[in-house]
Every structure is written in C-alpha cells, then in structure tokens.
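For reference, the structure is listed below as structure tokens.
Keep in mind it's a predicted model, so treat the numbers as computed, not measured. Side-chain atoms are counted along with the backbone in the values below, which use heavy atoms only and exclude waters and symmetry mates.
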Amino acid sequence: QVQLVESGGGLVKPGGSLRLSCVVSGFSVDSAAIGWFRQAPGKERKMVSCIDSLGRDSYWEDRFTISRDEVKNTVYLQMIMLKPEDTAIYYCARRSTLPSCGGQRSEYGNWGQGTQVTVSS
C-alpha cells in the first residue's frame, strides 16, 4: 500500500528552525513527484515545495528547502527563520498523474495525515 507519514512538527519560537520528515512506503521517492503542502485555519491548502522524480526541487518560500534520502525513502522539509504565519498543518503528498512537479492540487492523489507546526513565543 502507498503510505506517507509526516513527522517532526511541534512548537517552535519565532526565528527557530524545524525539519519535517515524510517517510513513504509502497513506492520509491525517486519514482514520483512529492510535494509539501500546508494549511492554516481558515485558509486553503497550498504547496510550499516539491521535488520531482529526478531530484529537482521547486519552492515558493526561500526559507524552506526540500530534499530526499533515497536509501531511507524519505523526503524532508527544512524550515528556518520560522514566523508565526508559518503555523499550519503540514502535509506531504505524491502526484499520482506524472513524476514531475506542478499541476493542480487534485493531481496529488496520495496524502499523509499531516503534522502540526506551531510558531509562537
């Protein structure tokens, strides 16, 4: 079965750093495009970074960096200089239509349960 499990969330002070992990099973991380999304209360879910099957990354927040470990079959999201507005549930998801990043949110057919990130003093 295809599964994605996020971890690494928690409470962090503004200006701090956090690294999220997405352990996947049922497929290899180098066979698909995997994106990190976040959703804050009252806001729509949106992608913050993505890595495709060739390891090429895309991002929309320069404080965040996506990477992967093929041996551990894990995708990471390194977040630095965190701000209160970064508070959200963070999800990882696999694009089920193509192995490249992009497309609409609906094209990401496999999702984890999310991990809560709270940035507060």
Heavy-atom side-chain proximity of S7 to T115 below 4.5 angstrom: no
Atom pair SG/CD1 of C50 and I34 - distance to nearest 0.5 Å: 8.5 Å
Pairwise side-chain contact, T87 with V117, heavy-atom cut-off 4.5 Å (strictly under): no
Point-to-point distance, once rounded to the nearest 0.5 Å, from CZ of R105 to CZ of R95: 14.5 Å
Neighbour count >12 (heavy atoms, 6.0 Å) for atom CD, Q104: no
Contact summary for A40 and A88, nearest pair of heavy atoms: N-CB, 3.8 Å
Heavy-atom closest contact (F27 atom, N73 atom, distance): O-ND2, 2.9 Å
Any side-chain heavy-atom pair of N110 and L4 under 4.5 Å: yes
D52 side-chain N/O to R56 backbone N/O, donor-acceptor pair under 3.5 Å: yes
Residue list, side chain to side chain donor-acceptor pair (under 3.5 Å) with E70, at least two apart or on another chain: R68
Sidechain-backbone polar pair: T118 side chain, G10 backbone, donor-acceptor under 3.5 Å: no
Pairwise distance OG1(T65) to CG(L77) - rounded to 0.5 angstrom: 8.0 Å
Y108: partners by ring-ring contact (aromatic ring centres under 6.0 Å, His included), with sequence neighbours left out: F37
Under 3.5 Å side-chain donor-acceptor pair for E107 and T97: yes
Distance in Å, I51 CD1 paired with S100 OG, rounded so as to fall on 0.5 Å steps: 13.0 Å
Distance-minimising heavy-atom pair for V29 and T74: CG1-N, 3.9 Å
Non-hydrogen side-chain atoms of S25 and Q3 separated by less than 4.5 Å: yes
ILVMFWY network linking V2 to V24, side-chain heavy atoms under 4.5 angstrom: yes
Derivation of the side-chain contact (heavy atoms from CB on, under 4.5 Å) call for W60 and V48: CA-CA 5 Å; W60 294 266; V48 295; 5.5 Å; no
Neighbour count >12 (heavy atoms, 6.0 Å) for atom OH, Y59: no
Distance (rounded to the nearest 0.5 Å) between Y76 OH and W36 CH2: 10.5 Å
S120/L11 under side-chain contact (heavy atoms from CB on, under 4.5 Å): CA gap, chis, key distance, verdict: CA-CA 7 Å; S120 176; L11 176 64; 4.2 Å; yes
CD (Q116) with more than 12 external heavy atoms under 6.0 Å: yes
Verify same cluster id: M47, M79 (apolar side-chain graph, 4.5 Å): no
Residue list, side chain to side chain donor-acceptor pair (under 3.5 Å) with D86, at least two apart or on another chain: R38, R63
Which atom of E6 lies closest to which atom of Y91, heavy atoms considered: OE2-CA, 3.3 Å
R45 NZ/CZ over W111 ring centroid, <6.0 Å and within 45° of normal: yes
Euclidean distance, F64 CZ relative to L18 CG, rounded to 0.5 Å: 9.5 Å
Test log, rule side-chain contact (heavy atoms from CB on, under 4.5 Å), inputs S31 and S53: CA-CA 5 Å; S31 71; S53 64; 5.6 Å; no
Nearest heavy-atom neighbours spanning S96 and G109: OG-N, 3.5 Å
